[in-house]
Trainee: 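Take a look at the following structure, please.
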Amino acid sequence: MRLLALETSHPVASLALLELARGGADAPRLMEVGWRQLTPRQRAAEALVPAIQQLLAHCAWNAGQLDLVCVATGPGSFTGLRIGVTTAKTLAYAAGAELAGVHTLAAIATRAEGIVPTDARLWTLLDAQRGQLFAACFGRGPDGALLESTVPATQLLTRDQWLR
């Protein structure tokens, strides 16, 4: 399975091509094939599609070979998210690929699996500007995987509110 991942919720957009590798008795694993990060000067609206084309060409893939297009769904920059989701939906439709949205704070939380004790809560935060934070709290399910806890999925809090 070949997939393209788009992250446009932050001021600096990034994209990656990944391949799901299956090997004998080993569990499937995701392998990075290539990635690009736009520079802070590049606007996603102008540079995202050319960057996708360049990355596909660099990795000797074409859009028709994509099985899945994944895109960050936020929270984050409204304009960046709008550009990323629209690009992902259009590309997935044109390529005949599946489309999946990925919650930005959940993606950050999965990076902490294995280092956070199973009985601990994990908060992920992003700067929402104007003295506010996007925040989500995660716990662990019966299988040990990170899950959003009973705290509302994503909250917009001031720093002082979150610290309380």
Side-chain angles (χ1 to χ4, degrees), residues 1-20 30-113 122-139 145-162:
M1 172 179 270
R2 292 180 171 186
L3 67 100
L4 169 69
L6 302 175
E7 165 42 63
T8 59
S9 66
H10 300 291
V12 178
S14 60
L15 51 148
L17 291 175
L18 303 137
E19 191 162 18
L20 184 65
L30 214 46
M31 296 180 357
E32 180 184 299
V33 176
W35 68 275
R36 279 231 166 41
Q37 187 173 28
L38 301 182
T39 68
R41 294 185 322 272
Q42 291 176 299
R43 298 174 55 102
E46 298 168 349
L48 186 60
V49 171
I52 293 169
Q53 292 171 327
Q54 291 167 2
L55 183 59
L56 285 167
H58 176 76
C59 296
W61 287 10
N62 66 57
Q65 293 175 297
L66 293 172
D67 299 300
L68 178 64
V69 178
C70 300
V71 62
T73 58
S77 159
F78 178 73
T79 300
L81 290 167
R82 205 174 52 190
I83 292 163
V85 169
T86 300
T87 301
K89 286 179 75 172
T90 303
L91 180 59
Y93 176 77
E98 295 293 317
L99 177 68
V102 179
H103 188 275
T104 304
L105 294 173
I108 294 169
T110 61
R111 298 291 294 165
E113 283 187 293
L122 172 68
W123 283 89
T124 54
L125 306 169
L126 287 174
D127 184 0
Q129 305 298 314
R130 297 184 205 108
Q132 296 179 311
L133 302 168
F134 292 119
C137 184
F138 297 84
L146 287 171
L147 300 173
E148 287 191 62
S149 72
T150 56
V151 174
T154 300
Q155 303 172 66
L156 184 60
L157 305 169
T158 66
R159 182 181 62 95
D160 291 337
Q161 287 172 321
W162 181 74

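These numbers were taken from a predicted model, which means no experiment stands behind them.
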Trainee: Counting only N and O atoms by type, is there a donor-acceptor contact under 3.5 Å from the side chain of Q42 to the main-chain atoms of T39?
Mentor: yes

Trainee: Has the side chain of S14 got a donor or acceptor atom that lies under 3.5 Å from a matching backbone atom of Q37?
Mentor: no

Trainee: From the options L30, V69, D67, select the one residue that forms a side-chain contact (heavy atoms from CB on, under 4.5 Å) with L3.
Mentor: L30

Trainee: How many angstroms lie between OG1 in T124 and CZ in R111, if you round to the nearest 0.5 Å?
Mentor: 14.0 Å

Trainee: For the residue pair G34 and C59, what are the closest heavy atoms and their distance?
Mentor: CA-SG, 4.0 Å

Trainee: Has T90 got a side-chain atom pairing as donor or acceptor with T87's backbone, closer than 3.5 angstrom?
Mentor: no

Trainee: Mind listing the closest non-hydrogen atom pair of A106 and F138 along with its distance?
Mentor: CA-CZ, 3.6 Å

Trainee: Working to the nearest 0.5 Å, report the span between CD of Q53 and CG of N62.
Mentor: 12.0 Å

Trainee: For L56 and A63, work out which heavy atoms get closest and say how close.
Mentor: CD1-N, 4.0 Å

Trainee: Heavy-atom count around Q54 CD within 6.0 Å, excluding the residue itself: above 12?
Mentor: yes

Trainee: What is the distance from atom CG of L38 to atom OG1 of T8, rounded to the nearest 0.5 Å?
Mentor: 9.5 Å

Trainee: Identify the heavy atoms of A135 and L105 that sit nearest to each other, and give their distance.
Mentor: C-CD1, 3.8 Å

Trainee: Quick one: does L17's side chain get under 4.5 Å of W35's, heavy atoms only?
Mentor: no

Trainee: Which atom pair, heavy atoms only, marks the closest approach of A60 to Q65?
Mentor: O-OE1, 4.0 Å

Trainee: I want to check something: taking the side chain as every heavy atom from C-beta on, are L68 and L20 in contact at a cut-off of under 4.5 Å?
Mentor: no

Trainee: Can you find a heavy atom in the side chain of R2 that is under 4.5 Å from one in the side chain of V33?
Mentor: no

Trainee: For the NE2 atom of H10 and the CG atom of L81, what is their distance to the nearest 0.5 Å?
Mentor: 9.0 Å

Trainee: Mind checking the CG-CH2 spacing from L133 to W123? Nearest 0.5 Å is all I need.
Mentor: 10.5 Å

Trainee: Which value, rounded to the nearest 0.5 Å, describes the distance between T86 atom OG1 and L6 atom CG?
Mentor: 11.5 Å

Trainee: What pair of heavy atoms forms the shortest contact from G76 to F134, and how long is it?
Mentor: N-CE1, 3.9 Å

